[in-house]
Amino acid sequence: MTDTAHQFQADLAALAFLVDAGLDIAIGSEPTDRLKPPPEPERTPRATAAPSEPQPRPQMPPTRQVIRQESDEVVSERQAAITAQQLAAQCSDLTALRQALEGFQGLAIRETATQLVFADGNPDADVMLIGEAPGRDEDRIGRPFVGESGKLLDRMLAAIGLDRQSVYITNTVLWRPPGNRKPTPSEVTAMLPFLVRHIELVAPKLLLLTGGSALGALFDFEARITRERGRWRDYPAQAGPIPALPMFHPAYLLRQPALKRQAWADLLSFRQKLDELGIATRKG
Ligand code: URA
């Protein structure tokens with residue numbers, strides 16, 4: 001085999017590995033070798049620099065440059081959160097909220113996503129479920145929780161007498177992050193004003209938070225879902241507190257089936273609260 005053919009095969013194998021690892025989209029036209037060590041900053045030998053000559057400005061070390069780039073991104077996401085706040089405040093119904101989101105340019109992930117994935121289920125339901133972010137299937141179809149984790153979610157809801165007619169479903173972040181990665185805290189923060197308005201407009205009696213992103217967005221980014229699941233909290237909505245239950249995300253349960261036992265305990269706790277509040281469900 002020629003060297004070129006060898007190289008081609010190696011490139012193809014590397015690409016196959018990246019696809020297996022979740023890469024599904026190219027976000028730049030030129031490849032960036034992120035494994036290459038950063039170039040050494042140029043040093044001016046002290047002995048040759050004449051004392052009276054102006055000294056070259058010290059170069060920012062490459063690691064600092066990376067940190068600055070990241071924080072610029074965070075700064076622009078904070079700016080996006082301010083825009084989101086202004087847009088969301090003007091929305092008096094779900095149609096307006098959806099339109100405001102369609103026009104919101106504050107997040108880079110919308111460029112790699114196919115479409116906005118707004119919500120599913122019944123907007124008049126007493127139960128509102130908040131997930132993390134759309135995955136590949138949701139991005140393609142335009143509805144939350146339609147893939148494998150959605151199928152498990154439907155089974156979990158059915159187990160306590162709920163379905164998509166008795167629940168309203170949305171996500172913390174409404175565009176698919178590339179490669180199905182977890183949304184970053186700054187992306188979640190940028191979307192938060194929309195989520196808060198979404199909850200106000202739906203005005204549910206109970207919130208079910210599946211996964212750490214929803215818990216982090218509405219309560220505390222430091223909170224760990226593994227510790228906080230199953231513990232009821234009050235979400236401080238404008239119209240009054242709404243009981244909210246954090247629980248494991250169905251996608252996590254697919255990867256860790258042994259945790260379904262704890263998820264079942266949380267579902268029973270949710271069912272009990274439905275009964276206490278007299279919320280009608282499919283079975284009850
Ligand atoms: N995971 C989520 O959190 N939301 C979806 O819509 C799909 C998968």
Side-chain angles (χ1 to χ4, degrees), residues 22-25 94 97-98 101-102 104 107 109-110 112-123 125 127-159 162-192 194-196 198-199 202 204 206-219 221 223-226 228-229 235 244-257 259-260 262-263 266-267 270:
L23 178 140
D24 61 352
I25 193 157
L94 292 175
L97 185 69
R98 187 184 191 125
L101 277 153
E102 296 279 10
F104 177 62
L107 278 188
I109 50 171
R110 68 170 291 156
T112 48
T114 309
Q115 56 186 317
L116 173 79
V117 178
F118 184 66
D120 194 25
N122 182 355
V127 175
M128 182 167 180
L129 182 144
I130 303 168
E132 185 170 84
R136 187 176 24 196
D137 296 321
E138 291 76 19
D139 179 62
R140 189 168 47 84
I141 293 170
R143 280 170 53 212
F145 284 103
V146 291
E148 281 312 305
S149 60
K151 285 185 199 142
L152 177 56
L153 177 67
D154 285 341
R155 291 201 296 276
M156 289 160 63
L157 293 177
L162 296 171
D163 59 15
R164 292 194 187 218
Q165 268 319 296
S166 43
V167 177
Y168 182 75
I169 300 177
T170 189
N171 280 308
T172 309
V173 166
L174 303 184
W175 287 278
R176 179 199 183 204
N180 283 5
R181 68 161 166 76
K182 202 176 155 67
T184 63
S186 55
E187 285 164 348
V188 171
T189 306
M191 294 298 288
L192 187 55
F194 291 115
L195 179 59
V196 167
H198 212 153
I199 297 171
V202 175
L206 286 179
L207 285 167
L208 188 55
L209 312 178
T210 55
S213 293
L215 173 67
L218 296 184
F219 290 101
F221 279 119
R224 295 275 143 260
I225 192 72
T226 40
E228 300 302 324
R229 57 140 280 273
Y235 169 71
L245 184 69
M247 68 174 297
F248 287 134
H249 192 285
Y252 189 54
L253 294 173
L254 286 173
R255 294 194 299 273
Q256 306 277 344
L259 296 179
K260 284 184 184 165
Q262 292 172 31
D266 298 345
L267 287 169
F270 199 81

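First listed ligand is number 1; within each ligand, the first listed atom is number 1. Quick caveat: nothing in here was measured; it's all calculated off a predicted structure.
Among all protein heavy atoms, the one lying closest to atom 4 (N) of ligand 1 is Asn171 OD1, 2.8 Å. Of all protein heavy atoms, the one closest to atom 8 (C) of ligand 1 is Ser149 OG, 3.5 Å.
In this structure, the separation between CG on Leu206 and CG on Leu129 is 11.5 Å, given to the nearest 0.5 Å. Rounding to the nearest 0.5 angstrom, the gap separating the CD atom in Glu132 from the OG atom in Ser149 is 9.5 Å. To the nearest 0.5 Å, atom CG of residue Asp266 and atom CG of residue Leu209 are 11.5 Å apart. Summarising the geometry, atom CG belonging to Asn171 is positioned 9.5 Å from atom CG belonging to Leu195; distances are rounded to the nearest 0.5 Å.
What you find for Pro204 and Val127 is that their closest heavy atoms are CB-C, 4.3 Å. The two residues Arg229 and Thr226 come nearest to each other via the heavy atoms CG-O, 3.9 Å.
Residue contact check for ligand 1: Arg143 places no non-hydrogen atom closer than 4.0 Å to it.
The part of Ala133 lying near ligand 1 is the backbone, judged by heavy-atom distances below 4.0 Å. At a heavy-atom cutoff of 4.0 Å, ligand 1 is contacted by both the backbone and the side chain of Glu132. Both the backbone and the side chain of Pro144 come within 4.0 Å of ligand 1, counting heavy atoms alone.
In summary, the atoms of ligand 1 found under 4.0 Å from a heavy atom of Gly131, numbered by their order in the structure, are 3 (O). For ligand 1 and His249, the ligand atoms under 4.0 Å from any heavy atom of the residue are 1 (N), 2 (C), 3 (O).
Using a 4.0 Å cut-off between charged side-chain N and carboxylate O, Asp137 and Arg140 make a salt bridge.
For ligand 1, the polar-atom distance check finds no N/O of Gly135 at less than 3.5 Å from any of the ligand's N/O atoms.
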